[in-house]
Amino acid sequence: MNRTGRVLLVAALVTVVAMAFRVSWNALRDIANAIGADHTAATLYPFVVDGLMALALVATLVLAGRDRTFALRVLGTYTLASLVLNYVHGLVPKLHGATVDWGRLADWNPANWALVLLATSLPVGSIYFGSDLVAKVLHHRPAPIPTPDANEEESTEIMRNRSTADLTESTPQPVPAAPVRMPDPVTVGFLKSTLPLKPVPTALAPTPAPAIERRAVAAESPRPRRATGRVPQSARSSRQKRTPDQLLAEARTVTADWPYAKLTAEGIRLAVHTSPANARTLRETLRSERTGKAVA
């Protein structure tokens, strides 16, 4: 679109917005009078609502991303609020002559309270949302548009011309192919040939295959051979195995000064260095001996 078309489009938009603002002027001014605003405040009230709508529209055209979504939400919210207030103004004829009671926009109390809250909260929201939108517009930095490099275009054109010139010079001229003379055709008869047939070789005697020598090979086990559990003589202990009488005599010597409560299998096993089974047998024997002595 050229510049003249853009100017005409913007002028038409401004004209439509100005006429719509004038239509909504009376309704918003009468609503402001009904909620207790004085003459000056009621006159400025339409600028608060519809003016923020215009500001949000401009911010929507400038911003991008999340900021643009926020501006669209503000625009939609204030548009809906202005529509509701204009609708209430049309339903209540008393508002047209400014004869309605202060704070009374509907006969039903909950509806009246909601409308009064809506009308009184719009100026405060305009201060907050208007300031936020202006700050976002002032801090907005549009993404730079990449410009083509003149040197890059010139180098591309040079390479294109160079490639074209090289292609013209390096292309060889087509060489006509020399005709190849085909051999003369040979007449072939359809009668049976009288040439002697090729002799069939006689069958050769079979050559005996060499005998395969058989050797005994040890079978390979798929699993490693387990240990037999036998301990070499050099790894065995040099200490001789003690008899039960020797174990009992050694246990008597070691536990001579032990109290009766200390006669446990674990203690005897550690003191005599024997197996748990032998330690339990020695414990029972020693306890029975001490019990017999005590009775005697």
Sequence neighbours excluded, the answer for side chain to side chain donor-acceptor pair (under 3.5 Å) partners of Thr255 is none
Under 3.5 Å, is there a donor-acceptor pair between the side chain of Arg287 and the main chain of Leu263? yes
Of all heavy-atom pairs linking Leu63 and His140, the shortest is CD2-CB, 3.8 Å
Specify the closest pair of heavy atoms between Ala279 and Arg269, including all atoms of both residues, with the distance to one decimal. CB-CB, 3.6 Å
pair Val84-Leu115: side-chain heavy atoms closer than 4.5 Å: yes
side-chain hydrogen bond (donor to acceptor under 3.5 Å, both in side chains) contacts in which one or both residues fall within residues 123-136, not counting sequence neighbours: Asp67-Lys136, Tyr78-Ser126
Taking C-beta and beyond as the side chain, do Leu247 and Thr243 meet within less than 4.5 Å on heavy atoms? no
Determine whether Leu286 and Val272 fall in the same hydrophobic cluster, where Ile, Leu, Val, Met, Phe, Trp and Tyr are linked whenever their side-chain heavy atoms lie under 4.5 Å apart. yes
For Trp258 and Ala271, the nearest pair of non-hydrogen atoms, with its separation, is CH2-CB, 4.0 Å
Derivation of the side chain to side chain contact (heavy atoms under 4.5 Å, CB included) call for Arg29 and Asn26: CA-CA 5 Å; Arg29 183 189 58 185; Asn26 292 336; 3.3 Å; yes
Where Val48 and Pro123 come nearest, the two heavy atoms and their spacing: CG1-CA, 3.5 Å
Value rounded to 0.5 Å, distance of CE in Met53 from OG1 in Thr77: 11.0 Å
Of the non-hydrogen atoms in Ala42 and Ala37, which two are nearest, and what is the gap between them? N-CB, 4.1 Å
Donor-acceptor pair, distance only, cut-off 3.5 Å: does the side chain of Ser82 make one with the backbone of Thr79? no
Would you sort out whether Asn278 and Ser275 count as a side-chain hydrogen bond (donor to acceptor under 3.5 Å, both in side chains), showing the intermediate values? CA-CA 5 Å; Asn278 293 335; Ser275 63; 3.1 Å; yes
Non-neighbouring partners of Glu289 that pass salt bridge (charged side-chain N to carboxylate O under 4.0 Å, His left out), sequence neighbours left out: Arg252
For residues 109-121, pull every pair meeting salt bridge (charged side-chain N to carboxylate O under 4.0 Å, His left out), keeping only residues two or more places apart or in separate chains. none
Are Val62 and Leu55 connected into the same hydrophobic cluster when the rule is that any two of I, L, V, M, F, W, Y join if their side-chain heavy atoms are below 4.5 Å apart? no
Which atom pair, heavy atoms only, marks the closest approach of Leu52 to Gly125? CD2-O, 4.3 Å
What residue pairs, at least two apart or across chains, pass salt bridge (charged side-chain N to carboxylate O under 4.0 Å, His left out) with a residue in residues 273-284? none
Could you tell me whether the side chain of His89 and the main chain of Leu85 form a donor-acceptor pair under 3.5 Å? no
Connected via hydrophobic side-chain network under 4.5 Å: Leu57 and Val137: no
In one Ile/Leu/Val/Met/Phe/Trp/Tyr side-chain cluster, 4.5 Å: Val254, Ile268: yes
Indicate, with yes or no, if Leu72 and Val49 share a hydrophobic cluster defined by side-chain heavy-atom contacts under 4.5 Å among Ile, Leu, Val, Met, Phe, Trp and Tyr. no
By the ring-ring contact (aromatic ring centres under 6.0 Å, His included) test, which pairs, at least two apart or in different chains, include something from residues 40-66? Phe21-Phe47, Trp25-Phe47
